[in-house]
Structure formats: structure tokens, C-alpha cells
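All values derive from a computational prediction rather than experimental measurement.
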Amino acid sequence: MCTPTCSPARHSTRENLPDAASESTRGTVRVPLSTSAVRVLGAGDLHLRRMEEQWPGLRFQVDRDGIEISGSGEQRDAAARLIEGLDAEAHHRQITGAVVDAVLRQQASTALGSVIVGEGTRSVRPKTAGQQRYVEAIDENVIVFGLGPAGTGKTYLAMAKAVQALQRNEVSRIVLTRPAVEAGERLGFLPGGLQEKIDPYLRPLYDALGEMMSPESVQKLLELGVIEVAPLAYMRGRTLNSSFIILDEAQNTTPEQMKMFLTRLGFGSRMVVTGDSSQVDLPVRRSGLIDAERVLGDVADIEMVRLSSDDVVRHGLVSAIIEAYDDRAAAAESRGAPSAGEPADAREHPHRHTTQPTAPDENDGRRTTPRASEGAQQ
């Protein structure tokens, strides 16, 4: 049993644990151990690996006397509380994987939110306070914009909420769409029929569905039209009633396309628009996502949720990469100069892509007649 002095000493000596005012900062805290690291972290660091899976954005450094945790303040604080709890439990019983998982589940349900869809290792739940605000906004508003860098769960959580709404009979179908825009490189003509041509652009949406539902269920619902995955051009002229509609990669819409999409909203429907304004792949036009942020910010029942590198749940290096690029952009802005890779007029057109479209070869047999943009206003 723990002596009267061990628990107070541990809590009083945890160093630099952030308070509520500094939870969004990044840094390092140290958690001293009153027992051995092997009792807390398991043989071969088994439990440590479980923590790294739970918080991929954190880094753990173990020595004889304690554990240093580096990363975002919010996740870092949760990891420190877990280790403290396991350290206390280690005085009374052996720490098994079941004990670690039970504490993690309790932490998640208490501090954040309950499972959206799935169970066990396939369950989907918000893992940061930012993600929890995002999920709550989807519950409370008709249209939600999920804005932020890669890896913050914008599309994944929106898909989970769509599947949940369908399972609860809150909507009668799910509509998933994204603009068919190449990411900075021209792929040329793709082989196959229309569906085969657009499938590569929609593959991330199929992948997310496959992680939340069985392949058989996904295929059946696609065949029945209960789930529809289509390029943005297919939205024109439609009214989508009783639907959960997700527009992914919205930074690659034009303002005309964004207006067209948002006005498809029908009775009993909800919309989630996701995108990252720093990843615009449009050749010359303004981004419809950036335009919508300015135009719709004060409209009732529309919520803009901004996620940051603190909400990234991919490999920890992703957060560092995002912050490095953000720091460079901020430094360039403070100097009044365009960032590396931007044209000289970047200050006048901050979201213009630098690659200019290449005119087709007059002799290559391709159609050269101008074609109206899929985003032209109705």
C-alpha cells in the first residue's frame, strides 16, 4: 500500500503542468515516478506504446526517475494525469493493458465526448477539445465549417456524425462530395468511364466510410442510393432534403461553386464543409472557402470551427511540419513580403495558386473550345 507521503509528494513535484489558461500551448512537462518505470509502462514499454497510439502528437522520454512528455498542452496534461494514475495504482496491483484501456476510456468520456460510431478499436470519438467543439457545433447548427490543417479530423469526424445520423434515422441519406481539382499537378486524361475518372478524387471519402462501416454495408447503401459519393459538379440543380451533406476539400471551390453548393440545402438536412485555406490548388481564381468565411461568419445557424496543430492526431511530426510552415508565413507577413514560392503580387492575391494553366497543344487532338465552369452561377 502507498505510504502517506508518496501520493502528496508525487502530485506536488509534477513540474510545469499547464493550467487551464495555458492548455493550448506546446512544451514539455515531467512526471516523477514513485515506483519503477517498468511497473507503470509494462514489460517492453507495452503501455507506453498504447499511450503513443492514443496521443500520436506527443513524445515520451523515459529515464530512471520519471517521464518527460512533449507536445500540445491539452493532450500533454491528459497523458500526465494518466501516468500519475497508473503510478498510484502500481502500489496496489499489477498494471495490465486492461487497466490502461479502462483509464483511457474513462478519461475520454469524462474530458471529451462519447463514441460517435463504432466500438472497440474501431470506435470514433473526438480526441482533443477542439475536436469536441467541432462535434458539438455539428449537433447544434444546420451548417458547420470545419477549418484547419491536415490531420485534425475535419472530414473523419464529419463522416462519423453523418453515419451516426443515418443510424439514428435523423436523415434518410448521406451525400459526400468534393471538387475534382488536382493537387498542383496535371494528371492529363484519366482512362475509363465517367465513374472511373472521378473515383481517384473521391477515394478518401470511400476510405473513411470503410473504416466506420462494414464493406458489405457500404456497398449495399451505395447501390440503394442511401449513400451518394459524387463530384461537386453533380450538385447543380438539386435540392437535398433529409440529408447529411459533406463538402470536403472546400478550399478548392470557387465562390460561385460554394454558393451553388450551400443553396442545395433542403428541409431536414445538415451540411458540413471542410477545408484548409492554406492548401488551395486552384490555378487562378479565389477560393470559395475563404470567401465564405468572410461572407457567412455572422449568419445564424452557421458555425465556423477552427482547428489547429494542437488538434492533429496523425504522426507527431505532422504538427511540427504545420507549425514550421505557419511560422514562415507569419514571418513573411510581418516583413510585408510574400512567402517562399509566392509570386510578387501575392500580397494582392494571397490565395492565388502560383501554377498557371498550360494551354493545350493545338495539334494534340484535344477539344479547345472554352467550356463553362462547373461553378457558373445559376
Heavy atoms, side chains only, cut-off 4.5 Å: are [X] and [Y] in contact?
{"X": "Leu147", "Y": "Ser277", "value": "no"}
{"X": "Phe244", "Y": "Glu170", "value": "no"}
{"X": "Thr155", "Y": "Leu205", "value": "yes"}
{"X": "Arg173", "Y": "Leu240", "value": "yes"}
{"X": "Met159", "Y": "Glu211", "value": "no"}

Suppose we screen for salt bridge (Lys or Arg N to Asp or Glu O under 4.0 Å). Which residues come up paired with [X], at least two apart in sequence or across chains?
{"X": "Glu293", "value": "Arg306"}
{"X": "Asp65", "value": "none"}
{"X": "Asp311", "value": "none"}
{"X": "Asp45", "value": "none"}

Is a side-chain donor or acceptor of Thr263 paired with a backbone partner of Lys259 at a separation under 3.5 angstrom?
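At least one qualifying donor-acceptor pair exists.
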May I ask you to decide if Leu33's main-chain N or O and Asp87's side chain share a donor-acceptor pair within less than 3.5 Å?
no
Note: Lys220-Glu216 ion pair, threshold 4.0 Å (strictly below):
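Glu216 and Lys220: not salt-bridged.
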Quick one: list whatever passes side-chain hydrogen bond (donor to acceptor under 3.5 Å, both in side chains) with Asp139, sequence neighbours left out.
Lys161
Quick one: do Val38 and Ile95 end up in the same hydrophobic cluster if we chain Ile, Leu, Val, Met, Phe, Trp and Tyr together by side-chain heavy atoms under 4.5 Å apart?
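As far as the 4.5 Å side-chain criterion goes, Ile95 and Val38 are not connected within one cluster.
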Enumerate the salt bridge (Lys or Arg N to Asp or Glu O under 4.0 Å) contacts for residues 239-248, please, sequence neighbours excluded, ordered by first and then second residue.
Arg178-Asp248
Using every non-hydrogen atom in the two residues, find where Leu166 and Ile174 come nearest and quote the distance to one decimal.
CD2-CD1, 3.9 Å
